[in-house]
> 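Below you'll find the structure I mean.
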There are 2 protein chains.
Amino acid sequence: MGKQITEMLKGTLEGIVLAILSVQPAYGYEITQRLREQGFTDIAEGTVYALLVRIERNGLVEVEKVPSEKGPPRKVYSLNVPGREYLEEFWTTWGFLAERLGQLKEEGK
Amino acid sequence: MGKQITEMLKGTLEGIVLAILSVQPAYGYEITQRLREQGFTDIAEGTVYALLVRIERNGLVEVEKVPSEKGPPRKVYSLNVPGREYLEEFWTTWGFLAERLGQLKEEGK
DNA sequence: TCAACTACTCTGTGTTACTAGCTACTAGTA
DNA sequence: TACTAGTAGCTAGTAACACAGAGTAGTTGA
């Protein structure tokens, strides 16, 4: 897969992470793990942390420091109201794109 | 929609254009028009031309100059064998992503 | 003490779509 | 003639984003 998925993730990875957070709050390391479980095996850790910084700066999440039994304290992220609205928009945009692509794929047969 | 679709198009727009070309050869201006018809109203013309240069450089298309009745000659692009293989890969990658996202969307309800 | 794991941070790089122009050719109109 | 609109292609500069790769910090167990 490689390069293609990298480019496709631009713009969608943000929505994916927000969607994960909409189910329940989580911290960076945990999100990375969950992504890997879901098949996104080659997403770099650094990428997730950078993304979290970005969505925090954009005011889409609340952050809480929680001490960990192992390692340094966790930064637990949870979606706030603007975050949920943004996620809604994301699903709308994604729906549009998925529909177009689905149609194009049919035509190509 | 705006910013979200812009980022989402990164990586997918290339596939979209290749998919259009897989149905039948076309030139830049025509591709832009077709994209607009399909609802991608805010894709800039310049974007399409830049993309065409890129896929030509990457050897995914053949190019033929065809005189036009109106305006300067058209550069008609058609998919070649590597292009078709690349498009196949694109659909695989897209399928993977669409499946993941579909699942995430379900979970979020 | 040192390896292994957890958790987070940072810098630089490459790719990509966008903005905002430009050139060039033709046909129709004032 | 001079202009406008439509067709067709091209370019330079910019912003956003995922990645590679490295580093920091804390805990546990050999």
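Note that the structure is predicted; figures quoted are calculated from it, not measured. Note: hydrogens, waters and symmetry copies are ignored here, and every other heavy atom, side chains too, is used. Throughout, a chain's letter reflects where its sequence line sits, starting with A, and its residues are numbered from 1.
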> Of all the nucleotides listed (C:dT16, C:dC8, C:dT19), which has the minimum atom distance to the side chain of A:E45?
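So the nucleotide nearest the side chain must be C:dC8.
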> Name the closest nucleotide to the A:K75 side chain, picking from C:dT9, C:dA17, C:dT15.
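The nucleotide sitting nearest to the side chain is C:dT9.
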> Test of understanding: clusters of I, L, V, M, F, W, Y form through side-chain heavy atoms closer than 4.5 Å, transitively. Do A:V63 and A:I55 belong to the same one?
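Linked, A:V63 and A:I55 end up in one cluster.
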> Whole-Å distance between C:dC18 P and B:Q4 CD?
14 Å
> Round to a whole Å and report the spacing from CZ of A:R36 to C1' of C:dT6.
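That distance rounds to 13 Å.
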> Without decimals, in angstroms, what is the distance between B:E69 CD and D:dG6 C1'?
13 Å
> Between B:T47 and C:dC18, is there a contact of a side-chain N or O with OP1 or OP2 at under 4.0 Å?
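Answer yes for this pair, as a side-chain N or O of B:T47 is under 4.0 Å from OP1 or OP2.
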> Taking N and O atoms by type only, does the side chain of B:K70 place a donor or acceptor under 3.5 Å from a partner on the base of D:dT7?
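Check fails, no donor-acceptor contact within cut-off.
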> Which is true for A:A44 with a 4.0 Å heavy-atom rule: it touches a base, it touches only sugar-phosphate, or it touches nothing?
sugar-phosphate
> Using a 4.5 Å cut-off on heavy atoms from C-beta on, say whether the side chain of A:F90 contacts that of B:L101.
yes
> With a 4.5 Å limit on heavy-atom distance, are the side chains of B:L9 and B:I16 in contact?
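B:L9 reaches B:I16 side chain to side chain.
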> Taking atom CD of B:E7 and atom OG1 of B:T12, what is their separation to the nearest 0.5 Å?
10.5 Å
> Which nucleotide in the list C:dA7, D:dA18, D:dC10 gets nearest to the side chain of B:Y77?
D:dC10
> Check every atom of C:dT16, D:dA16, C:dT15 against the side chain of B:E7 and return the nucleotide holding the closest atom.
D:dA16
> Under 4.0 Å, heavy atoms only, any strand: does A:L13 hit a base, just the sugar-phosphate, or nothing?
sugar-phosphate
> D:dC10 P sits how many Å from B:R74 CZ, rounded?
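Going from B:R74 (CZ) to D:dC10 (P), I get 14 Å.
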> Would you say A:R54 reaches D:dC17's phosphate, i.e. side-chain N/O to OP1/OP2 under 4.0 Å?
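For D:dC17, OP1/OP2 do have a side-chain N/O of A:R54 under 4.0 Å.
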> Expressed in angstrom and rounded to an integer, what is the separation of B:M8 atom CE from D:dA16 atom P?
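Spelled out: CE on B:M8 to P on D:dA16 is 17 Å.
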> Measure CZ/B:R57 against P/C:dG14 and give the value in whole Å, please.
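My rounded result for the distance is 14 Å.
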> A:Y49 side chain N/O closer than 4.0 Å to the phosphate oxygens (OP1, OP2) of C:dT9?
no
> For C:dC8, does either OP1 or OP2 sit under 4.0 Å from a side-chain N or O belonging to A:Y27?
no
> Which nucleotide sits closest to the side chain of B:Y29: C:dC18, D:dA8, C:dT16?
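From the listed options, D:dA8 comes nearest.
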> More than 12 non-hydrogen atoms from neighbouring residues, nucleotides or ligands closer than 6.0 Å to CD on B:E88, yes or no?
no
> Looking for any heavy atom pair under 4.0 Å, which part of the strands does A:E30 touch: base, sugar-phosphate only, or nothing?
nothing
> Determine the contact category for B:G46: base if any of its heavy atoms lies under 4.0 Å from a base atom, sugar-phosphate if only primed atoms, P, OP1 or OP2 are that close, otherwise nothing.
base
> With a 4.0 Å cut-off, would you call A:R54 and A:E14 a salt bridge?
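So A:R54 pairs with A:E14 through a salt bridge.
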> To the side chain of A:L9, which of D:dC17, D:dT7, D:dC19 is closest?
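Out of D:dC17, D:dT7, D:dC19, the nucleotide with an atom closest to A:L9's side chain is D:dC19.
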> Atom CD of A:E14 to atom P of D:dA16: distance rounded to whole Å?
12 Å
> How many Å lie between CG on A:L51 and P on C:dT9, as a whole number?
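After rounding, the reported distance stands at 13 Å.
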> Determine whether a donor-acceptor pair (one donor, one acceptor, N or O, separation below 3.5 Å) exists between the side chain of A:K3 and the base of C:dT15.
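No, the side chain and the base share no sub-3.5 Å donor-acceptor pair.
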> Which of the following nucleotides, D:dG9, D:dC19, D:dG26, is nearest to the side chain of A:P72?
D:dG26
> With a 4.0 Å cut-off on N to O distance, would you call B:R34 and B:E37 a salt bridge?
no
> Does B:Q33 or A:G11 map to a spot on DNA chain D nearer the 5' end, using the closest nucleotide for each?
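Going by which nucleotide is closer to the 5' end, it is B:Q33.
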> Ignoring backbone atoms, test whether A:S68 places a side-chain nitrogen or oxygen under 4.0 Å from the OP1 or OP2 oxygen of C:dT6.
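Looking at the OP1 and OP2 atoms of C:dT6, neither is under 4.0 Å from any side-chain N or O of A:S68.
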> Between A:V76 and B:T6, who's closer to the 5' end of DNA chain C by nearest nucleotide?
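Per heavy-atom nearest nucleotide, the more 5' residue is A:V76.
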